[in-house]
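Values below: every heavy atom of this structure, side chains too, minus hydrogens, waters and symmetry copies. Proteins come first, then strands; the chains are lettered A, B, ... in the order of their sequence lines, and each starts at number 1.
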Amino acid sequence: MMTGLEVHTEAPAYRAAVAELAPRVRPGRGADAIRVVEGRGSWWEGLVDASAFVVDEPDPASAEIHERLGALGVPVVIVRRRLRPDVVDDARAESVAPRHVVVDAWGGRTDATALLRDAVGWARVIAGGPLSVVARAETTSAATVALRAPNGVGASVTRAIGGGVGGALTVTALGARRVEVRVDSGSPLCEVAFDDDEGRRVRPARRESAERLALRRILDAVEAGTAVPDLAELAADDAVLLCPS
Amino acid sequence: MTWGVGIIGSGPGVAALHAPTLARTDGDFRLVHVSDAGSGRAAMIAGRFGARASVGIDTLLADPEVDVVAVCSPPSLHAEHVRASLAAGRRAIFCEKPLADTAEEAERLVAECAAVGALLVVGTNHLFDPAWVRATHHLSALEGRISAVTVTLCLSPNDRYHALTMGEPLPAGSSARRPPLDLDDPEQSAAIVRQLVVGLGVHDLPLVRDLVPETPELVWARPIAPVGFDLALRATGALVRFTTVMIPEGADSLWRVSVAAAGARVEVEFPPPFVHVGGARTSVRDAQGVQTLYPIDRRDGYEVEWRALAALLRGEAAMEYDELRADAAFVTAIADGAAEAVRVGGA
């Protein structure tokens, strides 16, 4: 007898992740399957005929789309490799009271909007809440946004287009104890480090594939019947991109 | 030749920085005279270096062994003391940053120096750091347009580092510490932000001008508690973000300048102030994705700025008065714009 939830995907990396999570999951296309949706274009149109979804690297979506998605009523895990939830947990592993948060990102033009969105996501995570836009500026090759969290902590996010091959972002919480996160396309591993008067402590590297992590999270949510905050967080970060200052 | 240096001022920047740094210049300079405003600290500093001490500036400026005047007095007195040095016939001046509080005053001072052929070095030490020189050469060679420059400072109190360059601490000066920002008081916040841009931002804004020389347009400026600011500029088609926070305790100082160009990304991390552990750490990610970490130069900007003055004195380098004028104008324009933005609650 077959066991485990079905996962509907054609993507090789997710098929590998299914194999790596057996017997909790298996390939399948049933109505109760978890479906993996590629995030390019109108990805939200693919959120049908399944009991839960994994959306891989979604392009930014409008507030109207997010409002519709909010009524979906099924678990949705969003895969943002620059903003992995396990790395977010690491960045929150020690108490940090930031005075300000800066995020510097650079990368190619094709991915520039999503890169800025993920940089804003890191600012939200470290500043401690949804962010409002205070000011912004854009050129043909860069964008910068001044943000503020409800607790009054400010954040400044800068994204440059260029910088050579690949892309990266650096998040720094400025304060008596600093946390710094470095995400770089040149390495599958993110770095999280805390600095205070005791010196620097680097968190152990997270080596689980992003795809396996996503499937494990959606499985946990389905099995426990718990909500996943990913869509709401994505909506908050997308809203910053579209918000006029 | 060894030039005698007379230092006007007796704060930590003299005791823990310039006085000992002179010993790093391979005999180009020696400290011969220190003056204070009556605190008695000048005598203590002078005693450590076998120099003379006096109160006020007249005795120092009349000292025939003083070839070079180092103006390390409080910033509000820099202009007055540079002028007094010129009036006393001194023709080689090292002035701590900022040269003056306004662009107009800086313009006049530089013009007065130029009129008599006086050599003038302003202690913008990061501009002299060999790592910055290397970084700008690298970026120039790429001929690629600069997309963004970000400057991030998170500074511990300087006295943490004074102990690393002094045998014994000096009695604390009378100057009060800067009060914390009152974010509910826009006038006070604006005044402190302006002071921070002129006095602290001046370390790195000349570096920014190196890369994006046009007159900048301020995008935003806002204060950060307890003491700091965050601002953004648009200049020469690039965006600049400059953020600084001064923290009374905690982590080692962070002092980082990042530059993104079309074909490379350069990151320069400066050492904390006062210490001599080599220059900045520079890494470059090139268009092929290759990351290069340059060796750290044994010389830092503090040492090189004095060597730059020696090179001027020997005639090995030419005075660039226009650069000094332009740096001062760049910094003060940003400081004025930031203060106004904070005053009206622009961000």
When rounded to the nearest 0.5 angstrom, what distance separates CZ in A:R99 from CD1 in B:I247?
5.5 Å
Are side-chain heavy atoms of B:R222 and A:S156 found at a separation under 4.5 Å?
yes
Answer key: most heavy-atom pairs under 4.5 Å with chain B among A:T144, A:T170, A:T158, A:T140 is A:T144
Got A:D184 and B:R285 here, is their nearest side-chain heavy-atom distance under 4.5 Å?
yes
B:R298 atom CZ: more than 12 heavy-atom contacts under 6.0 Å
no
Contacting moiety of A:V101, where chain B heavy atoms sit under 4.5 Å
neither
Measure distances from B:E267 to the heavy atoms of chain A and classify the residue's part below 4.5 Å as side chain, backbone, both or neither.
side chain
Does any heavy atom of chain A fall under 4.5 Å from the side chain of B:L183, the backbone, both, or neither of them?
neither
Turns out that what part of A:E198 lies under 4.5 Å from chain B's heavy atoms comes down to neither
Could you give me the CA-CA distance, side-chain angles and deciding distance for A:D197 and B:E249, then say whether side-chain contact (heavy atoms from CB on, under 4.5 Å) is met?
CA-CA 8 Å; A:D197 48 13; B:E249 58 189 4; 5.7 Å; no
Chain A interface, residue from B:V245, B:I224, B:T152 that has the most non-hydrogen pairs under 4.5 Å
B:I224
Residue part contacting chain A, namely of B:D286, when any heavy atom lies under 4.5 Å
backbone
The interface call for A:A155 against chain B, heavy-atom contacts under 4.5 Å, is backbone
Filtered by a 4.5 Å non-hydrogen cutoff, the part of residues 272-282 of chain B contacting chain A is none
Among B:V284, B:L254, B:V240, B:L153, single out the residue with the greatest number of heavy-atom pairs under 4.5 Å to chain A.
B:L254
Pick one of side chain, backbone, both or neither for B:P248, based on which atoms fall under 4.5 Å of a heavy atom in chain A.
neither
So which of A:I161, A:V145, A:D195, A:V153 has the biggest tally of heavy-atom pairs under 4.5 Å with chain B?
A:V145
Just list the side-chain donor-acceptor pairs under 3.5 Å for residues 171-180 of chain A, sequence neighbours left out, or say none.
unit_1	atom_1	unit_2	atom_2	d
A:T172	OG1	A:E180	OE1	2.9
A:R177	NE	A:D196	OD2	3.1
A:R177	NH1	A:S95	O	2.8
A:R177	NH2	A:D196	OD2	3.3
A:R178	NH1	B:D252	O	2.7
A:R178	NH2	B:D252	O	3.0
A:E180	OE1	B:R256	NH1	2.9
A:E180	OE1	B:R256	NH2	3.1
A:E180	OE2	A:R182	NE	3.4
A:E180	OE2	B:R256	NH2	3.0

With chain A as the partner, which of B:A232, B:A251, B:G237 has the greatest number of non-hydrogen pairs under 4.5 Å?
B:A251
Sorted by chain and number, sequence neighbours left out, salt bridge (charged side-chain N to carboxylate O under 4.0 Å, His left out) with B:D129 holds for none
Can you tell if the side chain of A:V102 reaches within under 4.5 Å of the side chain of B:R241, non-hydrogen atoms only?
yes
Nearest non-hydrogen partners of B:V219 and A:R136, listed with the distance:
CG1-O, 3.8 Å
Chain A contacts: which residues in residues 259-266 of chain B have a non-hydrogen atom closer than 4.5 Å to it?
B:A260, B:A261, B:A262, B:G263, B:A264, B:R265
How long is the gap from OG on A:S141 to CD1 on B:I146, to the nearest 0.5 Å?
9.5 Å
